Amino acid sequence: MRPRILTAGASAVAVLLLASCSTPGSGSTSEASPNTLIVSTPTEPDSLDPTLANTFAARLVFTSFCEKLYDVDSKLHVVPQLAAAMPTVSKDGKSMDIPLREGLKFNDGTPLDAAAVKTTLDRDRTMKASARVNEIAAISRVEVKNPTTVHLVLKHPSAPLVSQLADRSGLIMSPAALRKLGDNFGTAPVCVGPFKFQNRVSGNEIDFVKSADYYDADKVKLDGIRYKFITNSSVATANLESGDVQAAEHLDASDAIKLKSESGTKVLQTNTIAYQSISINVRPGAGTALSKSADLRKAFEMSIDRDILNKAVWNGQEVPDCGPLPVQSPLHTPLTCTPFDPDAARALIKKSGLKTPVPVELMVATGAATQREAQVLQSMAEDVGFKVSVKPIDLVSGLDLARKGQFDTFLEGWSGRVDPDGDTNDIITTGGSNNFSGSVDHTVDSLIARAAATNDSAQRAALYRQAVQRVGEKRPLLYLYHNRWFVGTSDKVHGVVYPPDGIPRFKTAYLSH
């Protein structure tokens, strides 16, 4: 899902995945060593190229082999990773110096220095298919101040930029590997990380082995890590119980609750910065009932009881909300949500003069939990006079259709970002690659741009509140809730770190035998 998303287009992803099939040993699954951690995840990454990757699954895998200039800690504070310290920002906010840790090596043994960082950032900024362009659009140029200092010249002050460098825009790639592989970098990626890429079996698994070149190798206790793709949470749970996997990422709440009562397993959980929403295609040429009428979109929202949806599908584990900013964010402000009001919804549908039931197609990524969610939404909407047809579709194809505007409504999630700009810009701004609804509102654009250009927290919070309220009035996108996510593990797995960005880190994990 959009979170857990974001792709450069289905055709590009298909090429990348096909290319991945040609990686060494991809014809069969190799035997993992006893000290290899096997982790199940419900979705397969698109590309392992940081410039192109657009799925949450890729963000998950990157943590094991591709480190960033910055990371986030358990309190969502941005902290140095490959950088030696936080940036030094000029008084006018239009430039910054990033100091790098010394003596770092990529997993091919070549050095990481300021020139290598410049190579990555320039590629992210200029590559035609780059998914990072908008994230670091504030950068005018990248300069090498000295071997351990990167100098960024900015077009304007940018409060969100450092948080972007704590995400995929901060993942640094080996220039030697880029020269060798070019656009095919994702088939054999090389970065700095505790593990290095070994093999990918498309549709099945990705294998990594411990890196001898990693600067913090003494803290890495595993011989390797294998990510297996198991789409069904109950199947992943059964694999965990049988010992076929030692960790299961992103379990459904019901499976997590079940595991908590069992011996031999344990459950890690985190209140994440992710959210779930419904994008409504409001493009002028969409031609659907909802695209033409803000009142019908309001009726559709009024048919949804967020609390009942949470209880029926997620065992009450999510946090209902009608905005994108995570509740942990210091810039989050409570919103007055459109109430569940089926009688008012019926009145709005009657006022429209349309013949009932009013047809709505709900596109939803395949998966047991999302299918249950779609069915509950379907039942609620049909109770007030809509006729909802659910269209299950694989994630990559769904994203491609969403970006082309070939859908009516789309149930999808966003894995969230530390800075609110990442939860709004490009999603509710005009022309954004993740603005699936196709909404155009230059007032919203201005509010989001102004919020990004100031470091005044109170001012930023007020601007984001105004932008989200305006979206709430026009309803091109309906926010449903923030996620609580779960990782099940064997009781022999220790040292896993699970921060609120919802991405488990396995660098310090180890197995007791």
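What you see is a predicted model, and the numbers here were worked out from it, not measured in a lab.
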Student check: side-chain heavy atoms of [X] and [Y] closer than 4.5 Å:
X: S291; Y: T288; answer: yes
X: F436; Y: N281; answer: no
X: E135; Y: D426; answer: no
X: D501; Y: P499; answer: yes
X: L60; Y: E249; answer: yes
X: S277; Y: E412; answer: yes
X: I280; Y: P476; answer: no
X: N310; Y: E373; answer: no

Taking the side chain from [X] and the backbone from [Y], do they hold a donor-acceptor pair closer than 3.5 Å?
X: S130; Y: D124; answer: yes
X: S233; Y: L251; answer: no
X: E44; Y: I206; answer: no

Residues [X] and [Y] bridged, charged N to O under 4.0 Å:
X: K68; Y: D71; answer: yes
X: R123; Y: D49; answer: yes
X: R141; Y: E143; answer: yes

Can you tell me which residue among L309, V313, D307 is in a side-chain contact (heavy atoms from CB on, under 4.5 Å) with Y481?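 The side-chain contact (heavy atoms from CB on, under 4.5 Å) with Y481 is passed solely by L309 among L309, V313, D307.
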Could you point out which residue of L478, V390, L377 forms a side-chain contact (heavy atoms from CB on, under 4.5 Å) with L411? L377
For the residue pair [Y] / [X], report whether a side-chain donor-acceptor contact shorter than 3.5 Å exists.
X: T443; Y: S446; result: no
X: S64; Y: Y227; result: yes
X: T55; Y: D46; result: yes
X: R475; Y: T338; result: yes
X: T430; Y: D445; result: yes
X: T429; Y: N425; result: yes
X: S439; Y: S437; result: yes

Once ring-ring contact (aromatic ring centres under 6.0 Å, His included) is applied, do any residues pair with [X], and if so which ones, sequence neighbours excluded?
X: F486; value: none
X: F506; value: none
X: F62; value: F65

Closest non-hydrogen atom pair, [X] against [Y]:
X: F185; Y: S174; result: CE1-O, 4.4 Å
X: A137; Y: K155; result: O-NZ, 3.0 Å
X: M363; Y: G398; result: CE-O, 3.4 Å
X: T454; Y: A159; result: O-CB, 3.4 Å
X: P504; Y: V487; result: CG-CG2, 4.2 Å
X: A312; Y: V376; result: CB-CG2, 4.3 Å

What's the verdict on side-chain hydrogen bond (donor to acceptor under 3.5 Å, both in side chains) for T333 and Y464, showing C-alpha distance, side-chain angles and the deciding distance? CA-CA 9 Å; T333 54; Y464 286 123; over 6 Å; no
Mind running salt bridge (Lys or Arg N to Asp or Glu O under 4.0 Å) on E301 and R306 for me, showing each step along the way? CA-CA 10 Å; E301 182 176 13; R306 290 176 173 84; 2.7 Å; yes
Show your working on side-chain contact (heavy atoms from CB on, under 4.5 Å) between L348 and V384 and close with a plain yes or no. CA-CA 10 Å; L348 285 172; V384 304; over 6 Å; no
Taking only residues two or more places apart in sequence, or in another chain, which ones meet K128 in a side-chain contact (heavy atoms from CB on, under 4.5 Å)?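 K128 satisfies side-chain contact (heavy atoms from CB on, under 4.5 Å) with no other residue.
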Would you please name every residue forming a side-chain contact (heavy atoms from CB on, under 4.5 Å) with P330, sequence neighbours left out?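 In terms of side-chain contact (heavy atoms from CB on, under 4.5 Å), with neighbours along the sequence ignored, P330 is linked to no residue.
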Let me see the working for M86 and V78 under side-chain contact (heavy atoms from CB on, under 4.5 Å), right down to the final yes or no. CA-CA 8 Å; M86 298 302 291; V78 175; 3.9 Å; yes
Any chance the rings of W485 and F56 have centres within less than 6.0 Å? yes
Ring centres under 6.0 Å, that's the criterion: do Y275 and Y479 meet it? yes
Could you give me the CA-CA distance, side-chain angles and deciding distance for R417 and D421, then say whether salt bridge (Lys or Arg N to Asp or Glu O under 4.0 Å) is met? CA-CA 8 Å; R417 299 296 182 266; D421 185 78; over 6 Å; no
Check step by step if salt bridge (Lys or Arg N to Asp or Glu O under 4.0 Å) holds for R59 and D167. CA-CA 8 Å; R59 294 177 71 206; D167 203 334; 3.3 Å; yes
Pair T149, N146 - check side-chain hydrogen bond (donor to acceptor under 3.5 Å, both in side chains), show working. CA-CA 5 Å; T149 308; N146 57 54; 2.9 Å; yes
Not counting sequence neighbours, list each pair that qualifies as a salt bridge (Lys or Arg N to Asp or Glu O under 4.0 Å) and has a residue in residues 324-348. D343-R346, R346-D383
